[in-house]
Amino acid sequence: MESRNTSRRTFLSLSMGVPLGAALAACGSSGPTRPGAGATGASGGSGATYWYLSGMPQEGVRTGAVERFNKANPNGQITGTTFQNDAYKTKIKTAIGAGQAPTLIWGWGGGTLRSYVQAGQVEDLTPWFSQNAAVKDRLFPSSFGAATIDGKIYAMPVETVQPIILFYNKKAFEQIGAQPPQTWGDIMDLVPKFNAKGIAPFSLGGQSRWTNMMWLEFLFDRISGPEVFQAVFDAEKDAWSNPTAIDALTKMQDLIKANGFIKGFSSITADSNADQALLYTGKAAMMLHGSWTYGSMSTDGGDFVSGGNLGFMNFPPVDGGKGDPSNTVGNPGQYLSISSKATDAQKEIAKKFFTTGVLDAEEVKGWINIGAVPILKGADQQFAGSKDAAWQQFVYGIASNAKSFAQSWDQALSPTAAEVLLDNIAKLFQLSISPQQFATNMNAVIGK
């Protein structure tokens, strides 16, 4: 598949062979910390610098790739610095605005990458990929969509396929004698049953805001298909006021009003992994979250995963909805860009990392060993020996069979519109604004 133009490409219709996925990535440990010695800060110093997300087990895989590269390249070192998710978003925005970005800029592509390109802060990698076709050919073709701005490639797709998954605690369902929900109606019916048993129907790290957004992404898709958000992305006037959008927003507040979420969800952060703990300790029955949380639940949840107590499924259809039930949402890859402010020597180190360090054999093994699915062609052939093979085949199947694989809204939109979106989603979940007010507020920033 040819790379698509980000300005008007259809984020929500990625139906080619194997769609990519990716992350609103997981975190947990405090940051920043420095896996390498002597951080130079931004792009200064003789070596390259690299900021990426903290939180095990993903952090360990990322750090391992840097350490192996440094060992093999004593004269061209990379110094890594890790940050928690939300702290990173703030730090990288400030650094890029000041022209002090690290050499390697980790991100999610889409609207945020477009803002970097417009500000002249990242390198055009199109010529490099033309000269290094073998590097590009290893990766899912669809992973280059969100790396492409106006027909040019500005980022290297990295890491893993990560659709958003509906997780559930099998023991919690046994306690109420029920089956996982097959429709939105089933979800609403399960809420009072779990509450009556003192089990929160859903865990949610609502303080992080983007965790709430995943619910709306699925409800919009299941009710109307990909068209409504595509209209928003295409800057169509009053797109958020579409009747199906109001229906989705109303259904969202219906679930909140019915006490569908853990009490105090708006003060729980995803960075702390507390939302995951609520699921694996049985305090909550279900959780809508990124597939990356499987690894941390395996690590932190005792025998919850290894004992077969974790269930997983795609988000169920909404009765009467138009959206295809195979559709999924997430981010089309994690991405590495090269700062245009880096020195020539730093840029060469970064490009060598793209060639020899990104998704090397050990990194691929590392992702598979923590239950993840690398964006490497044929990665599924390596699942057979994995303890998480069933999970990994499920994720690979979700990604490859989706009629539509939607990029996360806050990454598809510009940073300005994304911040207004997250702010209004938080207010919607706190019931401080109505669906109509949400639509009005969001219509005001369409195209900005």
Side-chain angles (χ1 to χ4, degrees), residues 3 18-27 35 48-55 57-70 78 80-83 85 88 92 101-110 112-113 116 122-123 125-126 128-129 132 134-149 153-163 290-292 295 330-339 347 349-370 372-379 382 395 399 407-408 411:
S3 297
V18 183
L20 56 157
L24 299 159
C27 352
T49 52
Y50 177 18
W51 296 355
Y52 54 91
L53 297 191
S54 63
Q58 294 88 345
E59 178 186 343
V61 180
R62 295 173 182 131
T63 300
V66 172
E67 290 175 344
R68 286 191 301 278
F69 179 85
N70 285 343
I78 294 174
T81 305
T82 65
F83 298 86
N85 186 308
Y88 175 77
I92 195 68
T103 312
L104 287 160
I105 302 170
W106 191 99
W108 295 273
T112 299
L113 178 61
Y116 299 164
V122 291
E123 286 284 291
L125 298 175
T126 311
W128 185 83
F129 275 111
N132 295 272
V135 175
K136 185 177 181 182
D137 290 345
R138 297 176 68 224
L139 310 176
F140 292 165
S142 53
S143 66
F144 283 87
T148 305
I149 308 295
I153 301 171
Y154 289 90
M156 169 83 172
V158 295
E159 300 188 3
T160 61
V161 174
Q162 293 176 329
S291 57
W292 60 87
N331 279 0
Q334 299 89 18
Y335 296 90
L336 288 180
S337 296
I338 298 176
S339 171
K347 291 175 183 177
I349 293 171
K351 290 172 182 176
K352 189 167 187 179
F353 184 60
F354 287 174
T355 305
T356 64
V358 170
L359 289 174
D360 66 5
E362 288 303 310
E363 184 184 349
V364 170
K365 288 179 185 176
W367 290 120
I368 292 174
N369 286 343
I370 65 169
V373 177
I375 62 169
L376 199 65
K377 289 178 182 176
Q382 300 186 48
V395 171
Q407 187 188 25
S408 173
Q411 303 307 327

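Reckoned from all heavy atoms, side chains included, excluding hydrogens, waters and symmetry mates.
- Taking Arg138 as the reference, Leu359, Leu376 meet the side-chain contact (heavy atoms from CB on, under 4.5 Å) condition, with sequence neighbours excluded.
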Could you go step by step and tell me if Gln334 and Tyr52 meet the side chain to side chain contact (heavy atoms under 4.5 Å, CB included) rule? CA-CA 11 Å; Gln334 299 89 18; Tyr52 54 91; over 6 Å; no
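- For the pair Gly110 and Ile149, the tightest heavy-atom approach, listed with the atom from each and the gap, is O-CD1, 4.1 Å.
- Checked for salt-bridge contact, Lys365 and Glu362 meet the test: a charged N lies under 4.0 Å from a carboxylate O.
- Here the closest non-hydrogen pair linking Leu125 and Met156 is CD1-N, 4.1 Å.
- Here the shortest heavy-atom pairing between Thr49 and Pro102 reads OG1-CA, 3.3 Å.
- Residues Thr160 and Gln58 form no side-chain contact, since every pair of their non-hydrogen atoms from C-beta on lies 4.5 Å or further apart.
- Distance NZ/Lys351 to CZ/Phe129: 10.5 Å, rounded to 0.5 Å.
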Side chain to side chain contact (heavy atoms under 4.5 Å, CB included), that's the test. Do Glu363 and Val61 meet it? Break it down for me. CA-CA 6 Å; Glu363 184 184 349; Val61 180; 3.8 Å; yes
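- Thr112 places no side-chain N or O within 3.5 Å of a backbone atom of Gln411 that could act as its donor or acceptor partner.
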What verdict does the side chain to side chain donor-acceptor pair (under 3.5 Å) test give for Trp292 and Glu159, after you've listed the backbone C-alpha separation in whole Å, the side-chain angles of each residue and the deciding distance to 0.1 Å? CA-CA 11 Å; Trp292 60 87; Glu159 300 188 3; over 6 Å; no
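- Of the candidates Leu113, Leu336, Ile92, Ile105 forms a side-chain contact (heavy atoms from CB on, under 4.5 Å) with just one, namely Ile92.
- Ring geometry for Tyr88 versus Phe83: interplanar angle of 30 to 60°, hence tilted.
- Of the possible polar contacts, one joining the Thr126 side chain to the Ile153 backbone as a donor-acceptor pair under 3.5 Å is found.
- Judged as a side-chain contact (heavy atoms from CB on, under 4.5 Å), and not counting sequence neighbours, the contacts of Ala350 are Thr103, Leu104, Ile338.
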Using the side chain to side chain contact (heavy atoms under 4.5 Å, CB included) rule, take Ile78 and Ile349 through it: C-alpha gap first, then chi angles, then the decisive distance, then the call. CA-CA 8 Å; Ile78 294 174; Ile349 293 171; 3.7 Å; yes
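- Here the closest non-hydrogen pair linking Gln162 and Ser291 is CA-OG, 3.0 Å.
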Let's go through Thr355 and Trp128 carefully: what are the C-alpha distance in whole Å and the side-chain angles of both, what is the deciding distance for side chain to side chain contact (heavy atoms under 4.5 Å, CB included) to 0.1 Å, and is it a yes or a no? CA-CA 11 Å; Thr355 305; Trp128 185 83; 3.3 Å; yes
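- The side-chain heavy atoms of Trp106 and Thr82, taken from C-beta on, include no pair separated by under 4.5 Å.
- Contact detail for Tyr154 and Ser337: the closest heavy-atom pair is O-OG, 2.9 Å.
- Residues Asn132 and Phe354 fail the side-chain proximity criterion, which asks for heavy atoms closer than 4.5 Å.
- Interatomic distance, Ile375 CD1 to Leu139 CG, rounded to the nearest 0.5 Å: 5.0 Å.
- Residues Val358 and Phe353 have side chains in contact (heavy-atom distance under 4.5 Å, counting atoms from C-beta outward).
- By the side-chain contact (heavy atoms from CB on, under 4.5 Å) test, Ile368 pairs with Val364, Pro374, Gln382, Phe383, Ser386, Gln392, sequence neighbours left out.
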